[in-house]
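In what follows, chains carry the letters A, B, and so on, assigned in the order in which the sequence lines appear, proteins first and then strands, with residues in each chain numbered from 1.
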There are 2 protein chains.
Amino acid sequence: MPVDDSQLDRAFAALGDPIRRAMIARLSRGPATVNELAEPFPITTQAISRHIQVLEAAGLITRTRDGQRRPCHLVPAALEALTSWIDEYRLETERRFRRMDAVLATIKEQEK
Amino acid sequence: MPVDDSQLDRAFAALGDPIRRAMIARLSRGPATVNELAEPFPITTQAISRHIQVLEAAGLITRTRDGQRRPCHLVPAALEALTSWIDEYRLETERRFRRMDAVLATIKEQEK
DNA sequence: CCCTTGATCAACTGATGTGTTGAATATAGG
DNA sequence: CCTATATTCAACACATCAGTTGATCAAGGG
């Protein structure tokens with residue numbers, strides 16, 4: 001499954017804000033409306049509404065309709081795409097480190 | 001090991017830029033100097049130098065000295081801290097989905 | 001000792017992000 | 001119907017970001 005580059009831009013950038021990360025944490029425990037998400041923060045509902053739009057544009061959340069409410073839902077697959085991207089390079093680095101350790105061990109052995 | 005909130009801000013925000021992600025990808029294959037990292041991109045070395053500073057401030061890379069060169073090295077543990085953060089909430093969401101599926105299955109069973 | 005190379009600093013520009021206030025829209029409910 | 005509630009839109013202020021050019025600094029090599 002191809003991960004659009006600009007979607008990665010938006011998703012990682014979205015997580016770069018502590019308010020949006022707190023919203024993600026909240027949504028992991030279940031859906032929430034704009035007002036519910038706004039409650040813990042000392043900023044206006046409008047500002048929260050825009051944070052939500054950022055998360056939605058990043059594909060990290062989706063929204064449904066419940067009368068006049070617009071509940072937000074976390075999209076675990078979007079989070080998984082991010083960890084996959086990171087892990088690819090983390091694992092490559094760790095493999096490289098292990099290879100280098102092996103080489104150093106061999107050299108040390110030969111010096112004996 | 002406690003992950004400073006502002007470090008998460010910086011690290012996720014750093015990955016929100018495609019040039020910096022490409023640098024991460026490059027560094028997963030081994031250390032590289034500023035000029036080496038700049039080579040693929042059509043922007044000035046100064047701009048690259050600042051991207052590197054952003055990655056370093058985020059804790060994603062470290063730098064050593066080799067004469068007049070300043071090689072960059074990826075820090076896999078920093079990447080791991082990010083996947084850990086994401087996975088916590090992704091896994092919680094998936095557990096919740098499974099619980100809900102179970103409830104729905106029970107209801108469906110009772111309807112028979 | 002000079003000149004080149006690798007890298008950074010400083011100042012400036014234009015774009016983007018995050019917050020505000022005030023107005024608008026839409027649904028709920030008496 | 002009319003009002004309250006949930007949410008969003010629009011316009012603005014302010015800060016931060018990503019790029020530029022030009023100058024500076026430090027290490028190497030002839």
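Interatomic distance, NE2 of B/H51 versus CD1 of B/I43, reported as 4.5 Å (0.5 Å rounding).
At C/dT20, one or more side-chain N or O atoms of A/T44 fall inside 4.0 Å of OP1 or OP2 (strictly under the cut-off). Between D/dC9 and A/Q53, a contact under 4.0 Å exists linking OP1 or OP2 to a side-chain N or O. Here A/S49 reaches the OP1 or OP2 of D/dT8: one of its side-chain N or O atoms lies under 4.0 Å away. Listed pair B/H51 / D/dC17 fails the phosphate criterion, with no side-chain N or O lying under 4.0 Å from OP1 or OP2. A sub-4.0 Å separation between OP1 or OP2 of D/dA6 and a side-chain N or O of A/R65 is absent. Contact annotation: B/N35 side-chain N/O to C/dT5 OP1/OP2 distance is not under 4.0 Å.
In this structure, the CZ atom of B/R50 is 12 Å from the P atom of C/dT8, given to the nearest Å. Here D/dA18 presents its P atom at 11 Å from CG of A/D9, a figure rounded to the nearest Å. With rounding to whole Å, A/I48 atom CD1 is found 14 Å from D/dA6 atom C1'. Atom C1' of nucleotide D/dG29 and atom CZ of B/R69 are separated by 12 Å, given to the nearest angstrom.
Donor-acceptor pairing under 3.5 Å, judged by distance alone, is absent between the side chain of A/Q68 and the base of D/dT7. You won't find any donor-acceptor pair under 3.5 Å spanning the side chain of B/R70 and the base of C/dA7, going by distance alone.
Screening B/I19, B/L27, B/T45, B/L55 against B/L37 for a side-chain contact (heavy atoms from CB on, under 4.5 Å) leaves a single residue, B/L27.
For the pair B/R63 and A/A47, both in contact range of DNA chain C, the more 5′-proximal nearest nucleotide belongs to B/R63. Remark on DNA chain C: of its neighbouring residues B/T33 and A/V54, the 5'-side contact belongs to B/T33, judged by nearest-heavy-atom nucleotide.
A parallel orientation is assigned to the rings of A/F12 and B/F12, their planes being inclined by less than 30° (bins at 30° and 60°).
Defined by atom type and a distance below 3.5 Å, a donor-acceptor pair is missing between the side-chain atoms of B/Q53 and B/R50.
Note on A/Q46: a base of the nucleic acid sits closer than 4.0 angstrom, heavy atoms only.
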